[in-house]
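One structure below.
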Amino acid sequence: DNTATRLQHGIIGTLAYLLIHQGDAAGLFCLSDRVLWDVPPKRNPRHLQAIFDILDDVQPKGETALVGRLHDFAEKVRQRALVIILSDFFCDPEPLLDGFQHLRFKKHDVVALHLSARQEVDFHFDRPMRSVDLESPETLLSEPAVIRAQYLKAVKHHLAALKDGCNRFAIELRSITTDEDYEKVLRELLPVIIHLFNRLRHRSIEWGAMMFLISATRKSTRYAKLRQWLIRLFRALAIFVLVVAISRPLAGGWVGWMLH
């Protein structure tokens, strides 16, 4: 599906561009039943052209051995990273979630982007159809009116298991359909990516004087809350004064007396 491919490549290319141009490293890992491309993360802007060239060349085809590659990737990448996985995730949820858990065990932050065609989720067909498997030569003749309820039930169960597992392992799961607007997808996705990437910049330091650090943090938090309440109070007073000033020429009775 060219629409799905363009959407995938657009998301990947845009994220790589933004990350590298803000001084972070970006890499690319493409696979089917084997690893097609393994581009190590780099910060060099010229590195972008290599990623763009691969995205122009690679096409989705053949089987996908996603689960095994997730475990390989978790063991391979030593430094903590933000791992963004773009897939339809149409495989057994339990082994897939084991792969996600392995990534989290290695301290990686994970964003799972579940990409599917609208017809795969809604199954709005009204005539007999021959379905051709994208990952094998297998075909299947079916009558949508007969199997629709069972098909939708199976899809709902699969997505619920995927969502539950991602919540359990603190993984950000986002569902995207191929007919969604590209800019809308990025507007919703970028704040999440930026937030997770900024978390990676926090250094972990072994600290002996923790009691003083906790005390200072608590006091700072109380001062910050007090400052926020004062700011809100002054904003409310400013709005009140503005309203009074505007209404002054029209005020009568006791309000007019107070203003005079």
Side-chain angles (χ1 to χ4, degrees), residues 1-67 69-70 72-74 76-77 79-91 96 99-100 103 108-121 134-135 162 166 171-201:
D1 189 327
N2 290 332
T3 303
T5 302
R6 285 197 300 270
L7 181 60
Q8 291 180 74
H9 293 181
I11 292 172
I12 296 168
T14 301
L15 292 177
Y17 177 89
L18 292 175
L19 291 174
I20 289 177
H21 278 272
Q22 73 172 12
D24 294 307
L28 182 64
F29 195 73
C30 301
L31 59 92
S32 57
D33 57 339
R34 57 188 175 85
V35 177
L36 301 176
W37 292 100
D38 184 0
V39 182
K42 293 182 181 179
R43 292 182 172 85
N44 192 330
R46 288 178 296 180
H47 180 60
L48 272 174
Q49 191 57 52
I51 293 177
F52 292 159
D53 289 343
I54 291 171
L55 292 176
D56 286 339
D57 180 64
V58 71
Q59 293 295 326
K61 59 182 179 180
E63 297 182 10
T64 304
L66 177 60
V67 174
R69 301 291 84 79
L70 287 178
D72 293 343
F73 186 84
K76 175 183 176 181
V77 180
Q79 186 175 357
R80 185 184 177 197
L82 172 60
V83 182
I84 303 172
I85 306 169
L86 188 59
S87 171
D88 57 21
F89 299 129
F90 289 151
C91 56
L96 176 63
F100 287 173
L103 289 168
H108 300 303
D109 287 314
V110 180
V111 177
L113 302 181
H114 172 228
L115 185 68
S116 58
R118 177 68 64 183
Q119 60 191 13
E120 292 173 333
V121 178
L134 292 175
E135 299 187 359
L162 186 61
C166 287
I171 290 170
E172 188 71 31
L173 173 66
R174 294 296 173 108
S175 293
I176 303 169
T177 52
T178 55
D179 61 348
E180 288 190 61
D181 179 67
Y182 165 73
E183 293 183 0
K184 172 180 175 291
V185 171
L186 284 179
R187 282 197 304 270
E188 295 176 353
L189 186 60
L190 283 178
V192 177
I193 301 297
I194 292 171
H195 167 70
L196 292 174
F197 220 91
N198 286 336
R199 287 201 325 189
L200 297 179
R201 297 177 176 178

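Given the structure is predicted, the values throughout are model-derived calculations rather than measurements.
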Residues which pass side chain to side chain contact (heavy atoms under 4.5 Å, CB included) with Thr14, listed by chain and number, not counting sequence neighbours
Leu18, Tyr182, Leu186

Look at the rings of Phe90 and His114 and say which category their plane angle falls in: under 30° parallel, 30 to 60° tilted, over 60° perpendicular.
perpendicular

Ile11 CD1 to Leu55 CG distance, which is reported to the nearest 0.5 Å:
11.5 Å

When the ring planes of Phe73 and Phe29 are compared, do they come out parallel, tilted or perpendicular, using 30° and 60° as the limits?
tilted

How close do Ser87 and Leu66 get, heavy atom to heavy atom, and via which atoms?
OG-CD2, 3.9 Å

Give, for atom OG1 of Thr177 and atom CD of Gln119, the distance between the pair rounded to the nearest 0.5 Å.
11.5 Å

Result of checking Leu173, Leu96, Val110 against Ile85 for side chain to side chain contact (heavy atoms under 4.5 Å, CB included)
Val110

Do Leu19 and Gln22 have side-chain heavy atoms sitting under 4.5 Å apart?
yes

His108 side chain to Leu103 main-chain N or O, any donor-acceptor pair under 3.5 Å?
no

Test salt bridge (Lys or Arg N to Asp or Glu O under 4.0 Å) applied to Arg174 - qualifying residues, sequence neighbours left out:
Glu172

Could you give the distance from CG (Leu113) to CD (Gln8), rounded to the nearest 0.5 Å?
10.0 Å

CZ/Phe100 to CD1/Ile171 distance, rounded to the nearest 0.5 angstrom?
5.5 Å

Of the options Ile176, Thr178, Val121, which is the one that meets Ser116 in a side chain to side chain contact (heavy atoms under 4.5 Å, CB included)?
Val121

Restricting to non-hydrogen atoms, name the atom on Ala26 and the atom on Ile51 that form the minimum distance, rounded to 0.1 Å.
O-CD1, 4.1 Å

In terms of heavy-atom contacts, Asp109 and Arg80 come closest through OD2-NH2, 3.2 Å

Any residue meeting side chain to side chain contact (heavy atoms under 4.5 Å, CB included) with Gln49, in chain and number order, not counting sequence neighbours
Phe52, Asp53

What one should report as the nearest heavy-atom pair of Val67 and Cys91 is CG2-SG, 4.5 Å

Rounded to the nearest 0.5 Å, how far apart are CD1 of Ile84 and CG of Leu15?
5.0 Å

